[in-house]
Amino acid sequence: MHNRLLDWYDKNARVLPWRSDPSPYKVWLSEVMLQQTRVETVLPYFDRFLTHLPTLKTLAEARLEEVLVLWEGLGYYSRARNLHKAARIVQSDYAGKLPASAKELVKLPGIGKYTSAAIASIAFGEPVAAVDGNVRRVFARLLALEEPIGTSSLEKTVLDYAQLHLPAKRPGDFNQALMDLGSMVCLPAQPKCPICPVQSFCSAFVQGKQNNLPKVIKKAPTPHYDVCVAVIWHEGKVLLAQRADKGLLAKLWEYPGGKISPADKDQEDGVQREVLRKTGLEITPTRKIGDFKHAYTHFRISVQAWYARLLFSPPVTLPDNLRWVSPGDLSALPMGKVARRISERVNSDFLQAENQ
DNA sequence: AAATCGTGGTA
DNA sequence: TTACCAAGATT
């Protein structure tokens, strides 16, 4: 099976920038970007990131805000914060060289069981099995495992088996071959068994269960929230608020607002109340901008955005988490998807008003 | 152990 | 529209 899979990989492996030059830094960056994220999504981010921060040293010396801007749109922003933190640890504790073993790598922030094994095997040739979602699915079918994905039982079986049967000669390629097989052939739905190089070794296929394995546990339905935010114009600038250091969209910038409460008699009421609560500023909404819908991992929101103006002059000095920003400077602040979409609208409205 | 953390593509 | 999911880590 090793030979079948590696032969298939040699002929069908995708040409990817982190494969043509598997230096530790590039492999590390690619593996972190690829966490829960598709190859096609990562490609442009990977190139742009390396253009701005080509080495581990430049990453360590960069400001966190610059790293977050380069990450903007990729999601799971703690990856960017941990990557940046880990680069600084490597500079100070490992003489600027990424450690070469999975055992050491896993100690760094943002590098867990899978990523440490992937970096160690691909960049350093260490024979450690890298088990990701693809590999779990491939082995669940190869071994016809009946336990659902996500159970500790399935996890242990796959890890033990993958490590026991990992070939010593090309561990990095073998790990990647399993992942490529999972993403190109052994698909979650409608696996392409007719073209699978290891079909004859697959228990699920032999038993005709390939479309029913692996089993998955159904997730709870996601709740929905109504949110309102204000774009407050004052002397040619708009007010942005920085989110908390931890949690959702940590340290990213957004327009102040919050959840609409049942007590609010209308949207205007809600915006006014939430902005006062978040900023201490009293406003009046002037014009509706739009309704921005967005789905996060485990809930969805509708964001009602309003233009607004201040009822009184603002304080001369604002707290650190509040900032007046010119439309032209909005692109320099890291934001999540919703805030960015609102910013694009603000910018186009601003340019249109200027041309009249 | 289970919840949390983004976004875009697809059926 | 909605559900599901994609090279997971952290708490």
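Sequence lines set the chain letters: A, B, ... in the order given, protein chains first and strands last, and positions in each chain run from 1.
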Q) When the nearest nucleotide of DNA chain C is assigned to A:Ile111 and to A:Val216 on a heavy-atom basis, which residue is associated with the more 5' position? A) A:Val216
Q) If you pin A:His294 and A:Gln190 to their nearest nucleotides in DNA chain B, which one's is more 5'? A) A:His294
Taking distance alone, no hydrogens or angles, what donor-acceptor pairs closer than 3.5 Å link side-chain atoms of residues 127-149 of chain A to residues at least two apart or in another chain?
{"residue": "A:Asp132", "atom": "OD1", "partner": "A:Asn134", "partner atom": "N", "Å": "3.3"}
{"residue": "A:Asp132", "atom": "OD1", "partner": "A:Val135", "partner atom": "N", "Å": "2.9"}
{"residue": "A:Asp132", "atom": "OD2", "partner": "A:Asn134", "partner atom": "ND2", "Å": "3.1"}
{"residue": "A:Asn134", "atom": "OD1", "partner": "A:Arg137", "partner atom": "NH2", "Å": "2.8"}
{"residue": "A:Arg136", "atom": "NE", "partner": "A:Glu155", "partner atom": "OE1", "Å": "2.7"}
{"residue": "A:Arg136", "atom": "NH2", "partner": "A:Glu155", "partner atom": "OE2", "Å": "3.3"}
{"residue": "A:Arg137", "atom": "NE", "partner": "A:Cys186", "partner atom": "O", "Å": "2.8"}
{"residue": "A:Arg137", "atom": "NH2", "partner": "A:Gly182", "partner atom": "O", "Å": "2.7"}
{"residue": "A:Arg137", "atom": "NH2", "partner": "A:Cys186", "partner atom": "O", "Å": "3.4"}
{"residue": "A:Arg141", "atom": "NE", "partner": "A:Gln210", "partner atom": "O", "Å": "3.0"}
{"residue": "A:Arg141", "atom": "NE", "partner": "A:Leu213", "partner atom": "O", "Å": "2.8"}
{"residue": "A:Arg141", "atom": "NH1", "partner": "A:Cys186", "partner atom": "O", "Å": "3.4"}
{"residue": "A:Arg141", "atom": "NH1", "partner": "A:Leu187", "partner atom": "O", "Å": "2.8"}
{"residue": "A:Arg141", "atom": "NH2", "partner": "A:Leu187", "partner atom": "O", "Å": "3.0"}
{"residue": "A:Arg141", "atom": "NH2", "partner": "A:Pro188", "partner atom": "O", "Å": "3.0"}
{"residue": "A:Arg141", "atom": "NH2", "partner": "A:Gln210", "partner atom": "O", "Å": "3.4"}
{"residue": "A:Arg141", "atom": "NH2", "partner": "A:Leu213", "partner atom": "O", "Å": "3.1"}
{"residue": "A:Glu146", "atom": "OE1", "partner": "A:Lys215", "partner atom": "NZ", "Å": "3.4"}
{"residue": "A:Glu146", "atom": "OE2", "partner": "A:Lys209", "partner atom": "NZ", "Å": "3.0"}
{"residue": "A:Glu147", "atom": "OE2", "partner": "A:Ser153", "partner atom": "OG", "Å": "3.1"}

(Q) So if I take residues 2-28 of chain A and measure heavy-atom distances to DNA chain C, which residues fall below 4.0 Å? (A) A:Arg14, A:Leu16, A:Trp18, A:Arg19
Q | Polar side-chain atom of A:Arg243 near backbone of A:Leu248 as donor-acceptor pair, under 3.5 Å | A | yes
**Q.** Along DNA chain C, first and last positions that approach a heavy atom of chain A under 4.0 Å
**A.** C:dT2 to C:dT10
Q) How far does CD of A:Gln242 sit from CG of A:Leu249, to the nearest 0.5 angstrom? A) 12.0 Å
Q.
I'd like the 5' and 3' limits of the part of DNA chain B contacted by chain A, with heavy-atom contacts below 4.0 Å.
A. B:dT4 to B:dG8
**Q.** A:Asp21: partners by side-chain hydrogen bond (donor to acceptor under 3.5 Å, both in side chains), with sequence neighbours left out
**A.** A:Lys26
Q) So which of residues 151-183 of chain A are in contact with DNA chain C, with a heavy-atom cut-off of under 4.0 Å? A) A:Met179, A:Asp180, A:Ser183
With a 3.5 Å cut-off and sequence neighbours excluded, list the donor-acceptor pairs that the side chains of residues 313-331 of chain A form with protein atoms.
none

Q. Checking all strands, does A:Leu74 fall into the base, sugar-phosphate, or nothing category for heavy-atom contacts under 4.0 angstrom?
A. base
Q) When you measure from every atom of DNA chain C, which of residues 243-261 of chain A have a heavy atom less than 4.0 Å away? A) none
Could you pull out all donor-acceptor pairs under 3.5 Å where a side-chain atom in residues 115-126 of chain A meets a protein atom, sequence neighbours excluded?
{"residue": "A:Thr115", "atom": "OG1", "partner": "A:Gln35", "partner atom": "NE2", "Å": "2.9"}
{"residue": "A:Ser116", "atom": "OG", "partner": "A:Gly112", "partner atom": "O", "Å": "2.8"}
{"residue": "A:Ser116", "atom": "OG", "partner": "A:Lys113", "partner atom": "O", "Å": "3.0"}
{"residue": "A:Ser121", "atom": "OG", "partner": "A:Ala117", "partner atom": "O", "Å": "2.9"}
{"residue": "A:Ser121", "atom": "OG", "partner": "A:Ala118", "partner atom": "O", "Å": "3.2"}
{"residue": "A:Ser121", "atom": "OG", "partner": "A:Asn175", "partner atom": "ND2", "Å": "3.0"}
{"residue": "A:Glu126", "atom": "OE1", "partner": "A:Ala102", "partner atom": "N", "Å": "2.9"}

Q. Below 4.0 angstrom, N of the basic side chain to O of the carboxylate: do A:Glu61 and A:Lys57 qualify?
A. yes
Q: In whole angstrom, give me the gap between the P atoms of C:dT1 and B:dG8.
A: 16 Å
(Q) Ring centroids only, cut at 6.0 angstrom: are A:His224 and A:Phe299 within range, meaning strictly under it? (A) no
Q. So what does A:Arg340 touch, heavy atoms closer than 4.0 Å: a base, only the sugar-phosphate, or nothing?
A. nothing
Q: Go through residues 32-43 of chain A and report each residue with a non-hydrogen atom lying under 4.0 Å from DNA chain C, sorted by number.
A: A:Leu34, A:Gln35, A:Gln36, A:Arg38, A:Val39
Q. Would you say the ring centroid of A:Phe46 lies under 6.0 angstrom from that of A:Trp18?
A. yes
Q.
Hydrophobic clusters here meaning ILVMFWY residues chained together by side-chain heavy-atom distances under 4.5 Å, can you tell me if A:Ile342 and A:Leu239 are in one?
A. no
List, one per line, each side-chain donor-acceptor pair under 3.5 Å for residues 289-296 of chain A, sequence neighbours excluded.
{"residue": "A:Asp291", "atom": "OD2", "partner": "A:Lys293", "partner atom": "NZ", "Å": "3.2"}
{"residue": "A:Lys293", "atom": "NZ", "partner": "A:Ser302", "partner atom": "OG", "Å": "3.3"}

**Q.** Evaluation steps, side-chain contact (heavy atoms from CB on, under 4.5 Å), between A:Tyr9 and A:Leu181
**A.** CA-CA 8 Å; A:Tyr9 182 71; A:Leu181 187 74; over 6 Å; no
Q: Pick the C1' atom in C:dA6 and in B:dC5, then give their distance to the nearest Å.
A: 14 Å
Please report, to 0.1 Å, the donor-acceptor pairs under 3.5 Å made by any side chain of residues 304-312 of chain A, with sequence neighbours excluded.
{"residue": "A:Gln304", "atom": "OE1", "partner": "A:Lys288", "partner atom": "NZ", "Å": "3.1"}
{"residue": "A:Trp306", "atom": "NE1", "partner": "A:Gln267", "partner atom": "OE1", "Å": "3.0"}
{"residue": "A:Tyr307", "atom": "OH", "partner": "A:Asp349", "partner atom": "OD2", "Å": "2.6"}

